[in-house]
Amino acid sequence: MAGSNEVNTNEAKKVVPLNTWILISNFKLAYNMLRRPDGTFNRHLAEFLERKVPANTIPVDGVYSFDVVDRATNLLNRIYRQAVDNEAQWGIEELEKPLSTTEIVPVIIFFHGGSFTHSSANSAIYDTFCRRLAGICKAVVVSVNYRRSPEHRYPCAYDDGWAALKFVHSRTWLRSGKDSKVHVYLAGDSSGGNIAHHVAVRAAESGVEVLGNILLHPMFGGQERRESEKRLDGKYFVTVQDRDWYWRAYLPEGEDRDHPACNIFGPRSLSLEGLNFPKTLAVVAGLDLSQDWQLAYVQGLENAGHGVKLLFLKQATIGFYFLPNNEHFYSLMEEIKSFVHSDC
Amino acid sequence: MGPYDSSVSAGSSSGSSSSCSVKPADPIDGLLAGAGYRVRSSELRQVAQRLERLETVMINAPTEVSHLANDAVHYNPSDLASWVDSLLSELHQPEIAPDPSTFSDLNYIAHAQGGPVLVNPMVGHCELSSGTEIEEDSGIRLVHVLMTCAESVHRGELSLAASFIEELQGLLTSVDGERGIGKVAGYFIDALSRRVFAPQEASLAGSAFENAVLYHHFYEACPYLKFAHFTANQAILEAFDGHDCVHVIDFNLMHGLQWPALIQALALRPGGPPLLRLTGIGPPSPDGHDSLREIGLRLAELARSVNVRFAFRGVAASRLDDVKPWMLQVNPKEVIAVNSIMQLHKLLGSDPSRGSPIDPVLEWIRNLNPKIVMVVEQEANHNQPEFLDRFTEALHYYSTMFDSLEACSAQLEKSLAEMYIQREICNVVCCEGLARVERHEPLDKWRDRLGGAGFTSLHLGSNAFKQASMLLTLFSAEGYCVEENEGCLTLGWHSRPLIAASAWQAMPVLQHPLPLINHHQNVI
């Protein structure tokens, strides 16, 4: 703890709307219960507490969704698409036609957050977020239900992300544009952002096309304690101690946070120079204790000669995008929308 | 097929839990609802304060935290206020008076209520096996023509439908009929064909004996019935705690598969077993044979072997609404559990504005004053008035179910389980009126119906959830998923719930000064 037995909620209360505060505090307290000091995780209670929703072919706010299980991996992907106007066609997915033969429809592969441990593609918070993302950005969103730690450590999440990328690229019904290909973007929040980065690296090394990366306060770290970690520890829902726990749960046992999965431009990482790495939209929340690592990531991309745009939201906390009740949410959506349509 | 009303803010009164129904003046926060939490807007500050209090306690007593996680039983996390309160009382924290000044109004940004948010509207998902490209195309075409055929049936254009059926039978030959879309489509084409060409004999209802055999194989091949039995027994066991005379009324005895486990659990309970009565309802046996009694004798054997005093009574009835309460010979001193595994939907009519056979049945159940009513039902919307809606829904539902069955390695069980499912499909697709008994409705509708009939929800908690999950991991293929849904538990395949278990008790009846009415005189 940040050296005090008092609850440091005073700061967070002032900067987020009440219902957001309730939502994120609820997660914080529930997660505190689920993480055990010995590094194990109370998965049954976690699944019990998790609010999940089914996919729905009846559109909500103009977007409908359906689940597809990739037979190769047995992993679920939830697909979000714009609804057609013809009611009679609701309920049956037209999996033979491309999205469009004339226009480009971006396909955003989304990796949900949860510090590699929590949440699922069908978590209510992520289902709602992906629906909004698809609707506002006029994109197709594919939300990936990757395997989580501590049951499945590094590199499982990256392998699953890679499998999802291959899956998406091979769906004829996700193609669009006159060039008839799948226009893929990778996106994720927190651990999902970390996954997006690593999948993009593998894609660049393998010659698989990714048009852009969208990293929403991505989960990066390192052995060193950065200034933002010390300054903001425990103040806005997150503690350094819980970050440490999640890294210990994800990284191979015995590893430290300078492992290349965690510390991207750190002492053990390979250089990204010369790689055909996609352009990146990096979103950093000014009240996130991990921001120094994220800003270092942005700097690292620039140093390696890769295009990166930084959206720094000074007064935003982690999870600001779960509820559309603040200006940060709308700024974020506008940025993502123009990011995925900038090539059209 | 119109859009469902998926709004859960002001005005929605889907009485899903034991809390009072939401009045229009006291809406729930729409944005939190989209995240799966029901909190009244007027209570946001209070809930926030309780969360703060909980956090303080947790920080100051870390060992308590592990107690909360490992020992405490959690219920209905969607009702955030009561979940937080239950944790606080686990930690022996008295309620605090709300302090209006804690949260500053200055920074409370007014939030948009947002558009309709979804909490469990009925769903469908079309899952095609990703075989070869050719296979995928044929599968897609198959679904296309199936839907078009169903549409023509819906419109009454039977000769057009007949030509589609011919086309479908041709298409079937170019897909793998043993798995995936080919298998499901085969059954639906068969069902449509029966409806179009031989509507009088469309129902596949077999003899009670045949049905019981198929049921038994469905029980073995996949975990849905085991989950139902297991979850129900847990809840019944808890309801019977501390009582010495208990009576289970089983609405569909079949081979009594559910009861050995309960008998054994009662035998082992601390303080010793109660006197257990079991009343098993089932169809009359042909040829003077008494199959109900035979099952009862076998269960009695088992009970005797574990020293549980046991009495069995069989009630033969072709339909549940033929059962009259006096046949159950309920005793005022005993504690009653009513157990309905996939039976109540058979009593529904298709016109909600007219009374249906279920209403008097729910009334007599309630009048028994049961300690617990276990209801397990298919989580599907197969009772919609329009044929095409039912067909589409059924196609999705049974596709998912067949998908889950593919994991079963025992060929015989699997084939017979499929026949069991096929009968359900035929009933949903081919039959109308009284003959159509498979009138499945989703959890939300059952909540409304049971709530309206004077029952209140008994929440199934994290202990039941954990045990069901663990059993699944041990005995079933990966892909089955238990979920918690506002006090109820569902079992599904991947993300699609297929069966829902809920527990209920009768709301207290107003006490009359008159003595109890003798049940034998209370025949309606």
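Within every chain, numbering begins at 1; the chains are lettered A, B, ... in the order of the sequence lines, protein sequences first and strands thereafter. We use all heavy atoms of the structure for the numbers below, so side chains are in, but hydrogens, waters and symmetry mates are not.
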With a 4.5 angstrom heavy-atom cut-off, which part of [X] approaches chain A: side chain, backbone, both or neither?
| X | result |
| --- | --- |
| B:S66 | neither |
| B:L80 | side chain |
| B:L146 | neither |

Hey, does B:L51 have a side-chain heavy atom less than 4.5 Å from the side chain of B:E55?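 Side-chain contact under 4.5 Å: no.
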Measure distances from [X] to the heavy atoms of chain B and classify the residue's part below 4.5 Å as side chain, backbone, both or neither.
| X | value |
| --- | --- |
| A:L45 | side chain |
| A:N26 | both |
| A:N122 | side chain |
| A:R36 | side chain |

Going by the angle between their ring planes, with limits at 30° and 60°, are [X] and [Y] parallel, tilted or perpendicular?
| X | Y | value |
| --- | --- | --- |
| A:Y31 | A:F27 | parallel |
| A:H118 | A:F41 | perpendicular |
| B:F391 | B:F188 | perpendicular |

With a 4.5 Å cut-off on heavy-atom pairs, point out which of B:A35, B:G479, B:S469, B:G492 contacts chain A the most.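 Sorted descending by pairs with chain A, the first entry is B:A35.
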Tell me, out of B:L68, B:V84, B:V39, who's got the most heavy-atom pairs with chain A below 4.5 Å.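 Most heavy-atom pairs within the cutoff with chain A belong to B:L68.
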A:R171 to A:F167, cation-pi by 6.0 Å centre distance and 45° axis angle: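 Here A:R171 passes the 6.0 Å and 45° test against A:F167.
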Can we say A:R78 and A:D127 salt-bridge, meaning some charged N sits less than 4.0 Å from an Asp/Glu carboxylate O?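 Salt bridge present between A:R78 and A:D127.
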Consider only side-chain N and O atoms of B:Y37 and B:D29, and report whether a donor and an acceptor are under 3.5 Å apart.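 There is no such pair (donor and acceptor under 3.5 Å, judged by atom type) between the side chains of B:Y37 and B:D29.
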